[in-house]
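To start, the structure itself, in structure tokens.
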Amino acid sequence: SLLLDDGQLSPFRFNNLIKLALRLEKLQWAEDFIKEARDLLDPYHRSMYVHNAYCMLFFAKGHYEETLKHLQRVEYKDLFIALDSKVLLIKVYFHLDEYEVLENYISTVKKFLQRKDILAYHRDLYKSFVRMVQKLIRLSPYDQSAKQKLRKEIDETERLPERSWLLEQL
């Protein structure tokens with residue numbers, strides 16, 4: 001198959017296919033793919049990437065408690081899985097209206113992003129996301145002018161993960 005290298009599925013390819021399916025709202029396809037492709041991942045990456053895939057799937061379904069359960073089972077051996085998980089946890093806390101917990105967690109994420117082994121590009125990317133989430137949770141729900149200003153800022157921020165999610169929350 002075109003997806004396999006020496007009989008194994010690259011964990012990055014697996015992750016990207018799940019993200020694409022979820023973006024296209026193909027939730028059942030994503031769930032079936034996780035079940036069918038999990039054994040094609042090498043054992044070192046399997047558990048981490050499968051739990052991460054379930055986290056994304058349950059979040060897409062709006063099952064935030066299930067998302068949290070799987071997030072607790074993700075191993076953070078991979079920087080990109082760690083970053084994905086942190087973004088997902090921020091989004092879960094937001095949807096559960098856990099703003100105090102979210103503010104505290106954002107502080108933790110900011111410290112994580114200061115680590116030396118995170119490339120400047122990724123650090124800046126995720127710092128932008130965190131900054132926008134902070135602005136979003138501090139926004140008065142009745143201040144239309146502030147909402148428009150934030151919408152413009154989100155639109156104009158060049159590299160911003162989860163742009164569409166941020167805009168949906170406005």
Side-chain angles (χ1 to χ4, degrees), residues 1-96 98 101-102 104-134 159-166 168-169:
S1 167
L2 293 173
L3 295 176
L4 301 180
D5 298 319
D6 296 325
Q8 289 190 328
L9 178 61
S10 152
F12 306 108
R13 202 169 284 148
F14 175 83
N15 201 41
N16 288 338
L17 286 167
I18 295 297
K19 285 181 177 183
L20 179 61
L22 296 176
R23 199 171 299 127
L24 296 172
E25 299 180 13
K26 303 289 185 186
L27 305 186
Q28 189 59 54
W29 186 94
E31 189 167 354
D32 293 343
F33 182 75
I34 294 168
K35 290 173 186 168
E36 292 168 16
R38 68 183 303 143
D39 292 333
L40 297 173
L41 294 166
D42 72 273
Y44 178 80
H45 290 105
R46 185 175 300 138
S47 175
M48 175 176 39
Y49 277 84
V50 168
H51 283 300
N52 187 60
Y54 276 119
C55 290
M56 293 185 290
L57 176 64
F58 285 123
F59 182 83
K61 289 181 171 187
H63 299 163
Y64 305 125
E65 298 299 332
E66 279 298 310
T67 305
L68 287 173
K69 285 179 192 172
H70 277 280
L71 278 170
Q72 292 171 351
R73 299 173 72 185
V74 174
E75 300 168 47
Y76 300 111
K77 299 179 205 171
D78 178 284
L79 173 64
F80 297 107
I81 292 295
L83 290 168
D84 276 355
S85 296
K86 290 179 184 321
V87 166
L88 202 51
L89 190 52
I90 286 171
K91 290 166 53 176
V92 167
Y93 286 149
F94 183 89
H95 282 284
L96 293 175
E98 295 283 351
V101 175
L102 179 54
N104 290 330
Y105 187 66
I106 283 174
S107 296
T108 304
V109 172
K110 283 180 173 180
K111 289 175 188 153
F112 175 83
L113 291 172
Q114 291 309 316
R115 287 186 6 191
K116 292 179 184 154
D117 58 341
I118 297 178
L119 297 172
Y121 169 80
H122 291 102
R123 183 180 303 123
D124 294 344
L125 200 68
Y126 289 94
K127 277 174 128 177
S128 294
F129 172 74
V130 167
R131 190 175 60 254
M132 294 303 173
V133 171
Q134 281 186 303
R159 284 176 253 138
L160 181 63
E162 303 292 336
R163 180 187 318 275
S164 59
W165 179 83
L166 288 163
E168 283 173 25
Q169 305 321 303

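Owing to the predicted nature of the structure, the values given are computational and were not obtained by experimental measurement.
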Under the salt bridge (Lys or Arg N to Asp or Glu O under 4.0 Å) test, which residues partner D78, sequence neighbours left out?
none

Are the side chains of F80 and N15 in contact, using a 4.5 Å heavy-atom criterion?
no

Donor-acceptor check, side chain of R73 to backbone of S47, threshold 3.5 angstrom: yes or no?
no

Looking at every non-hydrogen atom in both residues, tell me the closest pair between A53 and I34 and how far apart they are.
CB-CD1, 3.6 Å

Consider ring pair (Phe, Tyr, Trp, His ring centres under 6.0 Å). Of Y54, F14, Y49, which one does F33 pass it with?
F14

Answer yes or no: are there more than 12 heavy-atom neighbours, outside K110 itself, under 6.0 Å from its atom NZ?
no

Sub-3.5 Å donor-acceptor pair from the side chain of R38 to the main-chain atoms of R46, do we have one?
no

Are I18 and L57 close enough that some pair of their side-chain heavy atoms sits under 4.5 Å apart?
no

Between CD1 on residue I90 and CD on residue Q134, distance to nearest 0.5 Å
9.0 Å

Does the ring center of W165 lie less than 6.0 Å from the ring center of F59?
no

Give me the one residue out of E66, E25, E31 that meets salt bridge (charged side-chain N to carboxylate O under 4.0 Å, His left out) with K61.
E31

Salt bridge present between E65 and K69 (N-O < 4.0 angstrom):
no

Within 45° cone of Y126 ring axis and under 6.0 Å: K86 NZ or CZ:
no

Check whether any side-chain heavy atom of H45 sits under 4.5 Å from a side-chain heavy atom of Q8, and report yes or no.
no

Going through the distances and angles, do Q169 and H95 end up as a side-chain contact (heavy atoms from CB on, under 4.5 Å)?
CA-CA 9 Å; Q169 305 321 303; H95 282 284; 3.6 Å; yes

With heavy-atom distances below 4.5 Å as the criterion, would you say the side chains of D84 and V74 are in contact?
no

Can you tell if the side chain of V133 reaches within under 4.5 Å of the side chain of L102, non-hydrogen atoms only?
yes

Heavy-atom closest pair, residues L71 and C55:
N-SG, 3.3 Å

side-chain contact (heavy atoms from CB on, under 4.5 Å) assessment of L113 paired with L83
CA-CA 9 Å; L113 291 172; L83 290 168; 3.9 Å; yes

Quick check: do R159 and D124 have side-chain heavy atoms less than 4.5 Å from each other?
no

Smallest heavy-atom separation, P161 atom then L166 atom, equals O-CD1, 4.1 Å

To check you understand the geometry: which heavy-atom pair defines the closest contact between L125 and L160, and what is its length?
CD1-N, 4.1 Å

Value for OG (S10) from CG (D42), rounded to nearest 0.5 Å, stands at 9.0 Å

When rounded to the nearest 0.5 angstrom, what is the spacing between CG in L41 and CE in M48?
9.5 Å

Using a 4.5 Å cut-off on heavy atoms from C-beta on, say whether the side chain of S128 contacts that of E162.
no

Heavy-atom pair with the smallest gap, counting every atom of F112 and A82:
CZ-CB, 4.0 Å

As an exercise, state the distance from CZ of R115 to CG of L79, rounded to the nearest 0.5 Å.
7.0 Å

For K19 and M56 the tightest heavy-atom approach is CG-SD, 3.7 Å

Test item: L68 and L89 side chains (from C-beta on) under 4.5 Å apart, heavy atoms:
yes

